[in-house]
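The structure appears below as structure tokens.
Bear in mind the structure is a predicted one, so any value in this text is a computation, not a measurement.
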Amino acid sequence: MSDNSAERIGGWLLGPLAWLIVQLISICITLVKFGYVLLTPNTLSLIKEMGAANITLLALSFLSFVAMCYYTLWLTIAFFKRRHNVPKHYIIWLMIGVLLAVKAFAFSPISDDLAVRQLLLPLLAAALIVPYFKRSQRVKRTFTNA
């Protein structure tokens with residue numbers, strides 16, 4: 001049952017909610033594309049030619065992507081239910097996003113401009129949202145449900 005004294009999601013909380021929804025849509029679309037590419041006959045034949053180490057890394061990458069999609073979906077549902085643990089998990093989710101962007105910056109064979117653009121948005125979101133979630137009284141009053 002919802003606590004009627006808790007505030008509804010509104011004000012500056014709409015920004016983090018919008019960021020979460022956009023990321024959920026982006027992750028789901030990318031996961032569908034990733035799965036489609038993996039299941040094409042040409043890709044399957046190329047995967048069979050890869051070494052065991054590369055297949056393991058590909059599988060690990062796919063599983064971590066599925067886990068991030070699931071975590072983002074769970075966090076979105078918890079955000080709408082205004083669960084009390086949302087601020088903590090939202091901060092963890094932001095830090096995971098920053099770590100994934102740093103990993104892409106350091107280890108992916110992409111241009112520096114693209115890597116910096118991929119790193120800039122998660123860093124900016126974390127820099128703005130984490131202090132707000134830590135100090136805001138509105139956040140404390142909104143996320144009160146068990």
- Heavy-atom closest pair (A101 atom, L119 atom, distance to 0.1 Å) is CB-CD1, 3.7 Å
- Query: If Ile, Leu, Val, Met, Phe, Trp and Tyr residues are connected whenever their side-chain heavy atoms lie under 4.5 Å apart, and connections chain through other members, are Y71 and M95 in the same group?
  - Reply: yes
- Sequence neighbours left out, what passes side chain to side chain contact (heavy atoms under 4.5 Å, CB included) with I21? Give chain and number order. L17, I25, T76, F80
- Query: Which residues pass the side chain to side chain contact (heavy atoms under 4.5 Å, CB included) test with T30, sequence neighbours left out?
  - Reply: S26, F65
- Note on the structure: The side chain to side chain contact (heavy atoms under 4.5 Å, CB included) partners of L60 (sequence neighbours excluded) come to none
- Item | H84 side chain to F143 backbone, donor-acceptor under 3.5 Å | no
- Identify, with sequence neighbours excluded, every residue that meets salt bridge (Lys or Arg N to Asp or Glu O under 4.0 Å) alongside R83. none
- Query: Distance from W12 atom CH2 to L128 atom CG, nearest 0.5 Å?
  - Reply: 9.5 Å
- Message: Could you report the tightest heavy-atom contact between L75 and V86, atom names first, then the distance?
- Response: CD1-O, 4.2 Å
- Among the clusters formed by ILVMFWY side chains lying less than 4.5 Å apart, do L31 and I77 turn up in the same one? no
- Message: Once ring pair (Phe, Tyr, Trp, His ring centres under 6.0 Å) is applied, do any residues pair with F62, and if so which ones, sequence neighbours excluded?
- Response: F34
- Could you label the plane-to-plane angle of the W93 and Y90 rings as parallel, tilted or perpendicular, counting under 30° as parallel and over 60° as perpendicular? tilted
- Query: Mind checking whether L39 and Y36 sit in one hydrophobic cluster, side chains of I, L, V, M, F, W, Y counted as touching below 4.5 Å?
  - Reply: no
- At what distance, to the nearest 0.5 angstrom, does CD1 of I9 lie from CZ of R138? 9.0 Å
- Query: Quick one: does K140's side chain have a donor or acceptor within less than 3.5 Å of a partner on K134's backbone?
  - Reply: yes
- L94 side, atom CG; L99 side, atom CG - distance, nearest 0.5 Å: 11.0 Å
- Message: Tell me whether V22 shares a hydrophobic cluster with Y132, the cluster being built from Ile, Leu, Val, Met, Phe, Trp, Tyr side chains joined at under 4.5 Å.
- Response: no
- Query: Does T142 reach the main-chain N or O of V139 with its side chain, forming a donor-acceptor pair under 3.5 Å?
  - Reply: no
- SG of C28 to CD of Q23: how many Å apart, nearest 0.5 Å? 11.0 Å
- Message: With clusters defined by side-chain heavy atoms of hydrophobic residues (ILVMFWY) lying less than 4.5 Å apart, directly or transitively, does L14 cluster with L121?
- Response: yes
- Message: If you compare all heavy atoms of V98 against all heavy atoms of A126, which two are closest, and at what distance to 0.1 Å?
- Response: CG2-CB, 4.0 Å
- Message: Side chains of M68 and I96, heavy atoms from C-beta outward: is any pair under 4.5 Å?
- Response: yes
Please output the side-chain donor-acceptor pairs of residues 41-58 that fall under 3.5 Å, not counting sequence neighbours, one pair per line with the distance.
| residue | atom | partner | partner atom | Å |
| --- | --- | --- | --- | --- |
| T43 | OG1 | V37 | O | 2.8 |
| T43 | OG1 | T40 | OG1 | 2.7 |
| S45 | OG | N42 | O | 2.7 |
| T56 | OG1 | A52 | O | 2.7 |

- Item | Spacing of CD1 belonging to I29 relative to NZ belonging to K33, to within rounding of 0.5 Å | 7.0 Å
